[in-house]
Amino acid sequence: MRTVLVVLFDDVQSLDVTGPLEVFAGAEALSGGTYRIRTASLDGASVRTSSGLALVPDHALTEFRAVHTLLVPGGQGTRRCDPRLVDWLRAHGPRAERLVSVCTGAVLLAEAGLLDGRRATTHWAYCDQLARDHPAVEVDADPIYVRDGHIATSAGVTAGIDLALALVEEDLGRDVALSVARHLVVFLRRPGNQAQFSAQLAAQTAQRAPLRDVQQWITEHPDDDLTVESLAARARLSPRHFARAFQAETGTTPGRYVDGVRLEHARRLLEDTADGIEEISRACGYGTPEAMRRAFVRALGTAPAEYRRRFHPTVTY
């Protein structure tokens, strides 16, 4: 049985705690006898999350010397953390078989010297600060989570769920992890090298209503004619004016935005449906399986069939 210990402190982000906990609890319900899930604060006292929710830990950290998986969440409390917590992490973090952080929990690991010489990530808004304050850490701001040996760090909030699912897959296999994901209604179980932003989030929302309407149209109709000329007509602009305005207001070109939306839609269909590759390629606007294959290899380094093999669930919860 693997002990999963989640560290609690005042002003912790509640979802950083409960998201991964629900994943491990779901896996334990499926497998039985795999995980012993525990929470602990410095003195065993209750803590208040950044949203005001009170959490009562099972133990004091002093009761633990070594655990299988030590998980450090993030939140506002990492900015003014009790030095005793950093000291505890410095002493006991190296004893964990797996050391995991969610969001700005990576800051605490870095302050304890546990990320020196390692590649790591955190919430995109704090990556620059982490790199500046801890130059010995190789900060990668793009992926949703990073594995470097026995240490795993993740981006903000929901990325902790993705990382926890990846750890469950490592322990218990793909089918269990995907069953937990479906039970939690996680829309897409994302691989770690996926960017922290989806196509829609990576681009800014346009200021002008006609351009916002075009963004929504692209999302809802990936199989339609999404050439610049067609989209410009929908926005009632000339193609040249539309292309300039779209990039100025969203930060990306119409073509790149369309590519991102189509790729995301194809990934969801590959994971969530039994539709054939040819059917999906048409539904996503690629036209042919070969065109979709090229898009997948270019963006993800893998073909659609391999992506489906890795991420399509084969059992239900």
Side-chain angles (χ1 to χ4, degrees), residues 121 123-125 127-128 140-144 155-159 162 186-273 275-308 311:
T121 194
H123 189 290
W124 61 268
C127 283
D128 288 345
D140 190 340
D142 189 51
I144 60 172
V157 189
T158 57
D162 293 294
V186 177
F187 191 59
L188 177 67
R189 200 180 84 73
R190 300 175 294 177
N193 61 359
Q194 180 168 323
Q196 291 196 27
F197 293 116
S198 68
Q200 288 82 6
L201 290 177
Q204 305 164 36
T205 301
Q207 297 177 3
R208 283 180 278 181
L211 296 180
R212 290 198 303 271
D213 291 343
V214 166
Q215 286 182 286
Q216 186 66 26
W217 172 265
I218 293 171
T219 301
E220 295 175 353
H221 302 86
D223 59 336
D224 213 300
D225 177 7
L226 301 181
T227 61
V228 168
E229 290 74 17
S230 175
L231 297 175
R234 181 165 295 277
R236 300 181 184 276
L237 298 171
S238 70
R240 179 176 296 183
H241 185 190
F242 169 77
R244 286 201 304 265
F246 190 94
Q247 182 163 8
E249 295 195 18
T250 68
T252 189
T253 66
R256 288 176 183 166
Y257 190 82
V258 168
D259 289 345
V261 168
R262 282 176 168 162
L263 184 69
E264 280 190 18
H265 191 55
R267 290 169 69 168
R268 291 166 185 164
L269 291 178
L270 286 168
E271 178 162 346
D272 295 336
T273 76
D275 296 347
I277 299 295
E278 185 170 354
E279 184 179 356
I280 291 174
S281 67
R282 290 196 303 269
C284 297
Y286 289 112
T288 66
E290 176 57 25
M292 186 168 78
R293 188 194 69 81
R294 289 197 301 267
F296 266 66
V297 171
R298 182 170 59 250
L300 303 175
T302 188
E306 173 62 17
Y307 183 88
R308 166 168 274 173
F311 298 110

Original post:
Can you list the steps and then say if Thr273 with Arg308 is a side-chain contact (heavy atoms from CB on, under 4.5 Å)?
Top reply: CA-CA 10 Å; Thr273 76; Arg308 166 168 274 173; 3.9 Å; yes
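The backbone N or O of Asp142 sits less than 3.5 Å from a side-chain atom of Asp140, completing a donor-acceptor pair. Side-chain atoms of Arg212 come within 3.5 Å of backbone N or O of Gln207 as a donor-acceptor pair.
The CG atom of Leu231 sits 11.0 Å away from the CG atom of Leu237 when rounded to the nearest 0.5 Å. Rounded to the nearest 0.5 Å, atoms OH (Tyr286) and CD1 (Ile277) are 11.5 Å apart. Atom CZ of Arg293 sits about 10.5 Å away from atom OG1 of Thr302, to the nearest 0.5 Å. To the nearest 0.5 Å, atoms CD (Glu264) and SG (Cys284) are separated by 11.0 Å. Interatomic distance, CZ of Arg234 versus CG of Leu211, reported as 13.0 Å (0.5 Å rounding). Between the CG atom in Leu269 and the CE atom in Met292 there is a gap of 9.0 Å [rounded to 0.5 Å].
The nearest pair of heavy atoms linking Gly156 to His123 is CA-CD2, 3.6 Å. Closest heavy-atom contact between Ala235 and Pro210: O-CB, 4.0 Å. The two residues Pro289 and Ser281 have their closest heavy-atom pair at N-OG, 3.6 Å. Of all non-hydrogen atoms in Val228 and Ala243, the two that sit nearest each other are CG1-CB, 4.5 Å. Between Asp223 and Ala283, the shortest heavy-atom distance links the atoms CB-O, 3.1 Å. In terms of heavy atoms, Leu263 sits closest to Ala299 at CD2-CB, 3.5 Å.
Every residue was checked against the side chain to side chain donor-acceptor pair (under 3.5 Å) condition with Asp128, not counting sequence neighbours, and none meets it. Every ring-ring contact (aromatic ring centres under 6.0 Å, His included) that Phe246 has, sequence neighbours left out, goes to Phe242, Tyr257.
Residues Leu226 and Arg262 have side chains in contact (heavy-atom distance under 4.5 Å, counting atoms from C-beta outward).
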